[in-house]
Amino acid sequence: MARRFTATVAVGLLLAVAAAAHSAAAASQRFEGPLAEAIQAGKTVVAVLEVAGTPRPLGGAGPAAGAGRWSVPVWTREVSTGGALLRTRAQLVVTGGGQWEQLVQGQIVRAAGKLRPPEPGRPEAGGLSAATGPDRHAGAAALQSAATDLRARFVKGSAFLAGDAAGLLPGMVTGDNSALDDGLGNAMKVVGMTHLTAVSGANCSLVLGALLLLCRRLRLPRAPAAAAALSGLGLFVVLVGPDPSVLRAALMGAVGVASIAGGRTGRGLSFLCVAVIGLLLLDPALGGSFGFLLSVLATLGIITVGRRIMDWTPAAVPRWISAAVAVPLSAQLMCSPVIILLQPQFSTYALVANVVAAPLVAPVTLLGTAAVPLLVALPWLATALMGAAGIFSGGVAATARFFAGLPGSSLPWPEGVPGMATMVLLSALTLFVVKAVAGPAQAVAFVLTCHGRIERSLFLMETRAAATRRQPAPSAGRDGIDHSFDVRRRHDRLKASTNFSGRNPPWLLRKSAETARRRRIPPPGAT
């Protein structure tokens, strides 16, 4: 046991040193080197860039053509400025016109523009205001281009759906929220269902679980089944894009499948630790991402608290019902203190809304994901699957709008550390209430045990206080009698010693509440 503990500590320290070294190397690019000097000076450069994410629209108008402005995360490969060529790999954010909208992750482009310092709190080394459009190199990432085309086809294909389903279905399946109604987005934000408007770790878990069940049905051996499931999960990640929550869920799923292939199951917390360490080693900037933190906390709550809640549930309750309540409740209890820091308000019906919508999420994810590759091969079958998925996504949207319209759906909450501390207390109280409802006898025994301990503590405190009162006072004489209030005549003066430690002593003699009568003294010589 001692050797195992020593080895674990050694490996943990080694990984911590590796992550710290990686973070230091990445941070040095922001403050040191020729590129940092060029960014601080705001020089004009010509750069060869690798697209690192999906372009996002910015507010405001573009140039004279009227096109919108777009923000694209990139990695530098070559930067030419002032006759010098810098070959370095640093993260930048490019802002440009409408020509930057069509880029996909993995593409290599060339562009000219002016460097600018990074915004406070951002992990990028700087920004680049593009003066030209992206000059695409040949051999751009074909897989990412196909994924972008499939996402666009899915949005167009789901346009026949009625109501909110047409905008919500692409977001829940491919992460494309371009068609999502603003009113529906605000309603889902009020009731704590924002994680359903885009692809999250839950979607990756559902896809991975469905692939594993399919491989089991086909009676594939353990190793081929694991390889097929991981391949399908990788394609799904490419389709939806590498967001922090998706990356975390994908890596954790890969570790879990590898453990299943090796015959070692039931170690969800270990899998989560491996996934978090691996992602932080690959990208230390994720340590400052609230999205990544919320994703990890939600998974941690499901693994630790959710399992306990399911164990507390009586045997008469079906397992799927207890899981439908335990999963959103445990995730919300762990994430609420952090969410309060970002959005100081309390979603009153968040738990109920998520429990009602939980059975509808799996059909939307599985049917919609199955329809994506069929858009090219069998469009009619893809349309049928999208229609079925649209029914369930419409139910999710109706749930969000119903609970958001109830009175008191969003209540103000204290900001900052006080709000986080009170939310931690509320989460702990909620967990205790759930345990009390699930097991009343255990809760009563726990309360009685706490009451007995408090009673014993108070009895000991009272006993000690009584013993202290029975001890002789510091001013007591040899006979054990306190002479502090003895009046003694010394040098024709009356003195009374009091031992009140600097406090104002009360009057030594009791005073009557009635006003003293004044006696008339006759003048001298009067009769």
Side-chain angles (χ1 to χ4, degrees), residues 18-65 67-141 144 241-244 279-289 292:
H22 193 176
S23 300
S28 64
Q29 296 179 346
R30 297 171 56 92
F31 308 105
E32 301 176 0
L35 180 60
E37 296 176 358
I39 291 174
Q40 294 298 327
K43 294 185 177 181
T44 301
V45 298
V46 176
V48 177
L49 309 169
E50 177 185 350
V51 180
T54 305
R56 299 182 182 276
L58 296 176
R69 302 286 291 176
W70 291 82
S71 172
V72 185
V74 298
W75 289 97
T76 61
R77 288 198 169 188
E78 296 180 358
V79 179
S80 302
T81 176
L85 179 62
L86 305 177
R87 288 188 173 89
T88 181
R89 184 172 177 81
Q91 192 174 5
L92 300 178
V93 175
V94 179
T95 55
Q99 296 176 337
W100 292 85
E101 176 185 0
Q102 304 300 327
L103 297 181
V104 296
Q105 184 180 5
Q107 278 187 315
I108 307 299
V109 298
R110 182 189 297 272
K114 185 177 182 180
L115 295 173
R116 65 177 188 276
E119 298 180 2
R122 299 292 301 173
E124 298 87 10
L128 177 65
S129 299
T132 63
D135 183 12
R136 300 176 178 83
H137 285 200
Q144 285 81 1
D243 290 336
L279 286 174
L280 290 178
L281 288 176
L282 292 175
D283 187 5
L286 290 177
S289 171
F292 178 74

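Keep in mind it's a predicted model, so treat the numbers as computed, not measured.
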Inset, instruction - Tell me, with the steps shown, if Q99 and V109 meet side chain to side chain contact (heavy atoms under 4.5 Å, CB included). - result: CA-CA 12 Å; Q99 296 176 337; V109 298; over 6 Å; no
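With values rounded to the nearest 0.5 angstrom, R116 atom CZ is found 9.0 Å from L92 atom CG. Atom CD1 of I108 is separated from atom CD of E78 by 10.5 Å, given to the nearest 0.5 angstrom.
V72 and P55 make their closest contact through CG2-CB, 3.9 Å (heavy atoms, listed as atom of the first residue, atom of the second, distance). Closest heavy-atom contact between V93 and S71: CG1-OG, 3.2 Å. Across all their heavy atoms, A111 and G133 have their closest contact at CB-O, 4.3 Å. Residues P117 and I39 come closest through the heavy atom pair CA-CG2, 3.7 Å. Closest non-hydrogen pair, G113 versus L128, comes out as C-CD1, 3.5 Å. The shortest heavy-atom contact between W100 and A130 is CZ2-CB, 3.6 Å.
Between the side chain of T76 and the backbone N or O of A90, at least one donor-acceptor pair lies under 3.5 Å.
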